[in-house]
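Fair warning: this is a prediction, and the values are worked out from it, not measured in the lab. Numbers here are sequence positions counted from 1.
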Amino acid sequence: MRSILKVTSLFLVLFAASCGGHRTSSSSDSTATSSTPSTAGITGAGSTFVYPLMSKWTAEYASVKQGAQVNYQSIGSGAGISQVSVGTVDFGASDAPMNDEQMAASKIGKIIHIPVTMGAAVAAYNLPGFTGELRLTPSLLAGIFSGKITNWNDPALAKANPGQKLPSLSIAVIHRADGSGTTYIWTEYLSKVSPEWSTKVGKNTAVSWPTGLGAKGSEGVAGNIRQTPGALGYVEMTYADQNNIPYASIQNASGKFIKPSPESVTAAAASAQVPDDFRYSITNSSGPDAYPISGTTWLLIPVTPSDKARGRMVVDFADWVLSQGQQYAPALHYSPLPPALVEKARAYLKQAVPAS
């Protein structure tokens, strides 16, 4: 039986430490490789969810690693899984863990999952004239995305938002059109809270949506929400903040309405059980202060890369993200990993170092 890591309140310790200011990292901070090529370049692709933080990571890594370049393509988790599985890119990034069938279908051999950050998928909306706090329950979200609740003045919405005047306006559901880890987080949550959703739609990086308009990438979803009065869609929290789009508080498993934040994502992960291969879930967590639609981003790293020099740089970059990059997460509304999980992931990463 695989050993299980219980993630504890060390999340809160790391969060407090991560906000304490900028630290200068050096090559000695990364233990997974002995050196990094100064002019080397590697390419990754996948998650749009993590793109704002990945952009910060790649810039900081280049500055402390003598110009080593990491080119990251924000094309969606599904495409990232596909590209790393055939060796088109040196690493993938996904907010959905690869399933057993995807792992077995890899054309490049074993691929390992390295968790690098956590974040919130938010219910972002466009309600002209509404300035209050929008509250959504699990049944409301399932009903809206199933196409059963179609107007903002529905009695069920009024009941969840006492004292608020919601407009008589059709709900325009906006979802991802491409394969997306954010979609996986969203649909995994809906599958946990709605048996009907689980049976009829299910969870995946791409699903057959019962209703709504599809848009490509988190940028596309955010843009459509901004342009569409009455819209409701899902994006990573940073995209909503960057586009000045409000987002709802969601009722969690304990019955409390929770606003998404790095702290409430940390609370969601506090009860997570992490198996040795790191393919875990933090949606609909039981914690009283947990934001229920929270997820993890993983780097997908081949154990037997075709180019060993680039493979070593991928491992070095991943190790730097784990050891030094966590400090940049809170400022961009992501949650850093806890120290215990970081150390376990760094140890696991060593198996991906290519032999000389």
Side-chain angles (χ1 to χ4, degrees), residues 96 120-130 132-216 218 220-222 224-236 240 245-260 281 283-285 291-295:
V122 303
Y125 60 90
N126 181 345
L127 285 177
F130 180 79
E133 177 193 3
L134 180 66
R135 293 185 169 195
L136 297 174
T137 65
S139 61
L140 282 171
L141 281 173
I144 290 169
F145 279 84
S146 295
K148 294 181 177 181
I149 298 175
T150 61
N151 199 291
W152 284 103
N153 68 355
D154 188 281
L157 277 161
K159 183 178 179 180
N161 294 272
Q164 302 283 4
K165 185 172 177 58
L166 293 168
S168 177
L169 184 64
S170 294
I171 300 173
V173 171
I174 311 293
H175 57 73
R176 287 286 287 273
D178 52 329
S180 160
T182 317
T183 295
Y184 180 87
I185 295 168
W186 196 259
T187 58
E188 183 190 51
Y189 168 74
L190 291 177
S191 293
K192 286 182 177 180
V193 300
S194 169
E196 182 178 4
W197 182 279
S198 179
T199 300
K200 293 184 177 181
V201 183
K203 63 179 181 180
N204 211 327
T205 55
V207 298
S208 179
W209 292 96
T211 189
L213 173 69
K216 187 175 181 180
S218 295
V221 173
N224 272 269
I225 294 170
R226 283 194 67 184
Q227 297 166 15
T228 309
L232 177 70
Y234 58 90
V235 290
E236 196 279 326
I245 303 172
Y247 39 86
S249 296
I250 307 297
Q251 188 180 44
N252 68 11
S254 70
K256 186 176 179 181
F257 285 94
I258 300 294
K259 192 79 172 176
S281 169
T283 55
N284 203 38
S285 172
Y291 178 69
I293 319 178
S294 299

Practice problem: Report the C-alpha distance between Ser198 and Lys203 in whole Å, list the side-chain angles of each, state the deciding distance to 0.1 Å, and finish with yes or no for side-chain contact (heavy atoms from CB on, under 4.5 Å). | Solution: CA-CA 7 Å; Ser198 179; Lys203 63 179 181 180; over 6 Å; no
Check against side-chain contact (heavy atoms from CB on, under 4.5 Å), Ser281 and Glu188
CA-CA 9 Å; Ser281 169; Glu188 183 190 51; 3.0 Å; yes
- request: Check step by step if side-chain contact (heavy atoms from CB on, under 4.5 Å) holds for Thr205 and Thr183.
  value: CA-CA 5 Å; Thr205 55; Thr183 295; 5.7 Å; no
Does the side-chain contact (heavy atoms from CB on, under 4.5 Å) test come out yes or no for Ile185 and Ile293, once each step is laid out? CA-CA 7 Å; Ile185 295 168; Ile293 319 178; 4.0 Å; yes
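Distance alone, capped at 3.5 Å, places no donor-acceptor pair between the Thr228 side chain and the Ala231 backbone. A donor-acceptor pair under 3.5 Å is absent between the side-chain atoms of Tyr291 and the main chain of Ile250, judged by distance alone. At distances below 3.5 Å, not a single donor-acceptor pair connects side-chain atoms of Asn153 with backbone N or O atoms of Leu166. Judged by distance alone, with hydrogens and angles left aside, the side-chain atoms of Asp178 form no donor-acceptor pair with the main-chain N or O of Lys216 at under 3.5 Å. Checking side-chain atoms of Lys259 against main-chain N and O of Tyr247 turns up a donor-acceptor pair under 3.5 Å. Put simply, the side chain of Thr187 gets close to the backbone of Asn204: a donor and an acceptor are under 3.5 Å apart. Asn151 places a side-chain N or O within donor-acceptor distance of the main-chain N or O of Leu169, the cut-off being under 3.5 Å. With Asn126 contributing its side chain and Ile225 its backbone, the two residues share a donor-acceptor pair below 3.5 Å.
The distance from the OH atom of Tyr234 to the CG atom of Leu190 is 9.5 Å, given to the nearest 0.5 Å. Ser249 contributes atom OG, which lies 11.0 Å from atom NZ of Lys256 (distance to the nearest 0.5 angstrom). Rounded to the nearest 0.5 Å, atoms NE2 (His175) and CH2 (Trp186) are 12.5 Å apart. Annotation: the span from Lys192 atom NZ to Ser285 atom OG amounts to 8.5 Å, rounded to 0.5 Å. A distance of 9.5 Å separates CD1 in Ile144 from OG in Ser139, rounded to the nearest 0.5 Å. Here CD1 of Ile245 is found 11.0 Å from OH of Tyr125. Values are rounded to the nearest 0.5 Å.
Of all the heavy atoms in Tyr184 and Ala96, the pair that sits closest is CG-CB, 3.3 Å. Across all their heavy atoms, Gln164 and Glu133 have their closest contact at NE2-N, 3.6 Å. Here the closest non-hydrogen pair linking Leu127 and Pro167 is CD2-CG, 3.9 Å. In plain terms, the two heavy atoms of Asn224 and Ala215 that are nearest each other are ND2-CB, 3.5 Å. Residues Ser294 and Thr283 come closest through the heavy atom pair O-CG2, 3.3 Å. Residue Pro260 comes nearest to Ala248 through the heavy atom pair CD-O, 3.6 Å, listed as atom of the first residue, atom of the second, then distance.
Remark: aromatic rings of Trp152 and Phe130 are distant, center separation not under 6.0 Å.
Remark: of the listed residues Thr137, Leu140, Leu136, Thr137 is the sole one forming a side-chain contact (heavy atoms from CB on, under 4.5 Å) with Gln251.
Between Thr182 and Ser218 the shortest side-chain heavy-atom distance falls below 4.5 Å.
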